Amino acid sequence: MEDYIKPAVRLLSRYAAEGKIPGAAIALVTRERVTSACVGNASLLPENVPLTADRLFDLASVTKVLATTTLALQCLEKGLFTLSTPVSTILPDFPHRQVTIGHLLTHTSGVCSDDKAYKKRKDRADLTRFFYEKPLDFTPGSRVLYSDFGYITLGYAIEAVYGKLDERFQTCIAQPLEMRDSGYLPFERGLVDRCVPTELTEERGLICGTVHDGKAFLLGGVSGNAGLFSTLEDMTHYVRMILDDGEYRGRSVLKRATVRLLKHCYTEGLNERRTLGWWSNERSMSFGDYYSESCIYHTGFTGTSVYIDFMRQCGIILLTNRIHPARDNPWIGEIRNTVHNVILSQVTW
């Protein structure tokens, strides 16, 4: 399997040398084996520091699938809600009675996609009022439009029926998967020195060890849309669990039937292909040209991504901090596409 990622490692080394990314960690995962590598630097400011395998990345929106979606699926299994449960029956203050849990999971809710005026909000209560009071962008179920606020709402619903996101992530996902370094709020766990820095901003300085995402930061670093930090190795455990029908080393995180739900597209006939939480072999995504008919994918703004291929029975994890030291980086789409191409074009098992 090492031969399969060698071309990707060469590409990533070149991209780092050209200054398109500081560095990258990459893994090719099957149920039996993991092949991984790190190239380039973890940081460029205040000095160049080589990237090593023990570094934690701010996963940004990959949080939506590794944490929030997985916890939501566990709620389905436990009968705490269904995909057709109206959100307002769980969150009485949520004003949009026609929006369901399934709409939130598939980004078909119509809940405000984004509004930069959120930056003027002061705290969780103020932010929640801000987007609760906004009208829906469209009739729920009529189109797909990616929504951070929708996933923040989903996080609220999970907390209402299941418990705090950070605590449930640790007990119900990280511990059974032996994801020893993963979690929210790394500064509270003494892991800041191992975190890969993200953006240098006027407001917050060099962000390192606290969530980059502004909404999650306003929510105290624990949110349904972002906030999770993880290492490459920890993330391989998650991918192996999905490939092994919800189990990891004999411990069940999701039921086989629940993983099967992820192979179903819930947005047929709409503008994007979506399963629960993930994109579902959606051709507009940056996973290259060799994606299979049964695959799921998600990205994070900081430069992270996860691809899981059910037909080839493999996964690709690519972690970069492409917004370090500045977010004006146009290369991540090309990098993701070419890296997936040079790996998947070889995988024929």
Side-chain angles (χ1 to χ4, degrees), residues 9 12-13 15-17 19-27 34 36-63 66-67 164-171 173-175 177-223 225-239 299-306 317-327 329 332:
V9 172
L12 290 168
S13 297
Y15 288 133
K20 294 179 177 179
I21 49 173
I26 185 166
V34 174
S36 62
C38 296
V39 303
N41 291 307
S43 62
L44 304 177
L45 296 174
E47 60 184 355
N48 288 359
V49 177
L51 180 63
T52 52
D54 64 338
R55 289 286 185 159
L56 285 90
F57 285 78
D58 179 343
L59 298 186
S61 285
V62 173
T63 301
L66 260 67
K164 294 182 178 179
L165 292 177
D166 53 343
E167 294 176 2
R168 282 299 183 182
F169 174 79
Q170 286 301 323
T171 58
I173 301 174
Q175 290 177 14
L177 291 180
E178 300 178 17
M179 298 173 71
R180 295 184 176 89
D181 294 319
S182 298
Y184 298 85
L185 307 173
F187 60 90
E188 291 190 0
R189 297 182 291 126
L191 296 174
V192 171
D193 289 345
R194 288 174 52 195
C195 289
V196 170
T198 52
E199 190 176 12
L200 177 63
T201 69
E202 291 185 9
E203 300 83 5
R204 297 171 58 189
L206 180 61
I207 300 171
C208 184
T210 57
V211 64
H212 174 269
D213 179 85
K215 304 177 190 75
F217 182 70
L218 193 56
L219 292 168
V222 179
S223 176
N225 74 304
L228 196 64
F229 287 71
S230 188
T231 62
L232 183 66
E233 179 181 349
D234 278 4
M235 291 182 67
T236 68
H237 299 183
Y238 182 91
V239 172
T299 63
F301 182 76
T302 51
T304 57
S305 64
V306 183
I317 303 164
L318 177 60
L319 304 178
T320 80
N321 55 337
R322 65 103 185 176
I323 61 170
H324 176 70
R327 67 173 59 202
N329 182 335
I332 191 63

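Keep in mind that this is a model prediction, so the values were computed, not measured.
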Margin query: One pair to check against side chain to side chain contact (heavy atoms under 4.5 Å, CB included): H324 and L206. What are the steps and the verdict?
Written below: CA-CA 9 Å; H324 176 70; L206 180 61; 3.8 Å; yes
Which pair of non-hydrogen atoms, one from [X] and one from [Y], has the smallest distance, and what is that distance?
X	Y	result
S36	L232	CB-CD2, 3.7 Å
Y238	L66	CE1-O, 3.7 Å
A16	G23	CB-CA, 4.5 Å
L44	P325	CD1-CD, 4.2 Å
T236	A27	CG2-CB, 3.9 Å
L165	S223	CD1-C, 3.6 Å

Close side-chain approach of [X] to [Y], heavy-atom, < 4.5 Å:
X	Y	answer
F301	I323	yes
R55	V49	yes
S230	M179	yes
Y184	T63	yes
L12	L318	yes
F57	M235	no
T52	R194	no
N225	K215	yes

Test your reading of the model: is there a side-chain donor-acceptor pair from [X] to the backbone of [Y], 3.5 Å cut-off?
X	Y	value
D234	S182	yes
T304	L59	yes
N41	N48	no
T302	D58	yes
D213	A216	yes
R204	H212	yes
S13	V39	no

Checklist line | Within 45° cone and under 6.0 Å: R189 NZ/CZ vs F229 ring | finding: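 The answer is no; the distance or angle limit is not met.
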Checklist line | Residue that, paired with L51, satisfies side-chain contact (heavy atoms from CB on, under 4.5 Å) out of N321, V196, L319 | finding: V196
Item checked: Residues that E178 engages under side-chain contact (heavy atoms from CB on, under 4.5 Å), provided they are two or more places apart ->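 side-chain contact (heavy atoms from CB on, under 4.5 Å) check on E178 returns R180, H237, Y248, R249, R251.
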Check: Does atom CG of D54 have more than 12 heavy-atom neighbours, drawn from other residues, nucleotides or ligands, at distances under 6.0 Å?
Finding: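 Atom CG in D54 is crowded, with more than 12 foreign heavy atoms closer than 6.0 Å.
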